[in-house]
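Here is the structure we will look at, set down as structure tokens.
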Amino acid sequence: MNRAFLIVMDSLGIGGAPDAALFFNDGLPDTGANTLAHIAAAHPLRMPVLDALGLGAALRLASGADAPGLDAEPSGLWAAATEISQGKDTPSGHWEIACVPVPWEWHYFPKTVPSFPPEVTARIRDLAGSDGILGDCHASGTEIIDRFGADHLRTGWPICYTSADSVLQIAAHEDAFGLDRLIALCRGLAPMLHQMRVGRVIARPFRGQPGAFQRTANRRDFAIAPPGDTILDIAHRAARVTHAVGKIGDIFSHRGITHQHKGSDADLADHLIRLGRTAEPGSLTFANFVEFDAAFGHRRDIPGYAAHLEWFDTVAGRFLATLRPGDLAVFTADHGNDPSWHGTDHTRERVPVLVHGAGRGGAGLVGFSDIGASVLAHLGLPAAAHGTSFL
């Protein structure tokens, strides 16, 4: 039985979204955002493995851009994918890749101070057992911890913030506030926010002292459950083993998942390579590597993003070397996060689709759901409600 590996390089957009003008970052439209092209222009990339699968070719197809160092003749099957869901965030991208486009408009909190309505603030206070909250605004995660971390240690109040995404994030010190307490707070708050069509409540633990705070790898996402059958549901119902690597379990509300593994990108890379050697016949592995987005895109760190891309290319080479005849591996992304762009939020972009194990050639412009549909077709599983296989 064939195996399939679906690997998301979180936020590696390649520009060209036809509706980018409808999405905004710091009040300006995303027209012209191009995560990969702008990184490569500032830092020419050496990514021989993924470029050989078609990374540079997908970039040129999506946006007409050339990237220094990404000019290989593709030996894999490649495409560029366009999203239809009305979001440029993690749930929208992943659900649609998994054949469930988002059927509603997400709720977003206004860029005001305070950002959250009184009933949400009151619920957070009750769950946290605190007299108030800190932040209550739009902010980047590292910046708001630096701003309010000392006050958090002094008062014990949770740090609450949002962004251009449909999300409410709560940061708290793992030792002073308690990791279990933070996770319980976010879990308890999530049902109220999901009723409002807020996509995720995210626990953002950190450690350290003022001037030296660092976020830890113990992040937890509490996302709305997908409103239809995803590729994980379909595979699990067919008694196939499914492996969730990274935050996939959180994104899909732990539905349709047999085994789960979380950790840093370096730890996830080791686990993915192990699965290449050991994953069961007929199994589906769905992986997310989040540090492209969380550590470098949101922080507008072009050299860091470039270095992470080159590191991941070596991981991809080691992983592909473990695969067996009949295996399928698909590398893609869920949205953009152009580190050269204004603001600190995601950017609306097309994404690459790079396929090992399905021959070679260009599949053209496809939809996000076509990615999941192709995985199902390769595994010999029933088709989903959305998407058409391009294999």
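Being a predicted model, the structure only gives us computed values, none of them experimental.
- Under a cut-off of 6.0 angstrom, the local environment of CD in E119 is crowded, with over 12 non-hydrogen atoms contributed by other residues, nucleotides or ligands.
- Residues T347 and H335 are not in side-chain contact: their nearest non-hydrogen atoms beyond the backbone lie 4.5 Å or more apart.
- H236 pairs by the ring pair (Phe, Tyr, Trp, His ring centres under 6.0 Å) definition with nothing, not counting sequence neighbours.
- In this structure, a donor-acceptor pair under 3.5 Å is absent between the side chains of R3 and S283.
- For residues 31-42, the set of pairs meeting the side-chain hydrogen bond (donor to acceptor under 3.5 Å, both in side chains) definition, not counting sequence neighbours, comprises N34-S63, T35-E349, H38-D338, H38-S340.
- Residues F319 and F331 meet the side-chain proximity criterion, which asks for heavy atoms closer than 4.5 Å.
- Between Y161 and H138, the distance separating the two ring centers is not shorter than 6.0 angstrom.
- Outside the 6.0 Å centre-distance limit, the rings of F5 and F286 are not counted as a close aromatic pair.
- Note on ring orientation: taking the six-membered ring where Trp is involved, the planes of F292 and H308 are perpendicular (angle over 60°, cut-offs 30° and 60°).
- H346 and H298 have tilted rings, their planes meeting at an angle from 30° to 60° on a 0 to 90° scale.
- For T230, the side chain to side chain donor-acceptor pair (under 3.5 Å) partners are D233, not counting sequence neighbours.
- Side-chain contact between R220 and V201: absent, with no pair of heavy atoms (C-beta onward) separated by less than 4.5 Å.
- Judged purely by distance below 3.5 Å, without hydrogens or angles, the side chains of N337 and R300 pair a donor atom with an acceptor atom.
- Residues I7 and T332 form no side-chain contact, since every pair of their non-hydrogen atoms from C-beta on lies 4.5 Å or further apart.
- Heavy-atom neighbours of R274 CZ from other residues, nucleotides or ligands within 6.0 Å: above the threshold of 12.
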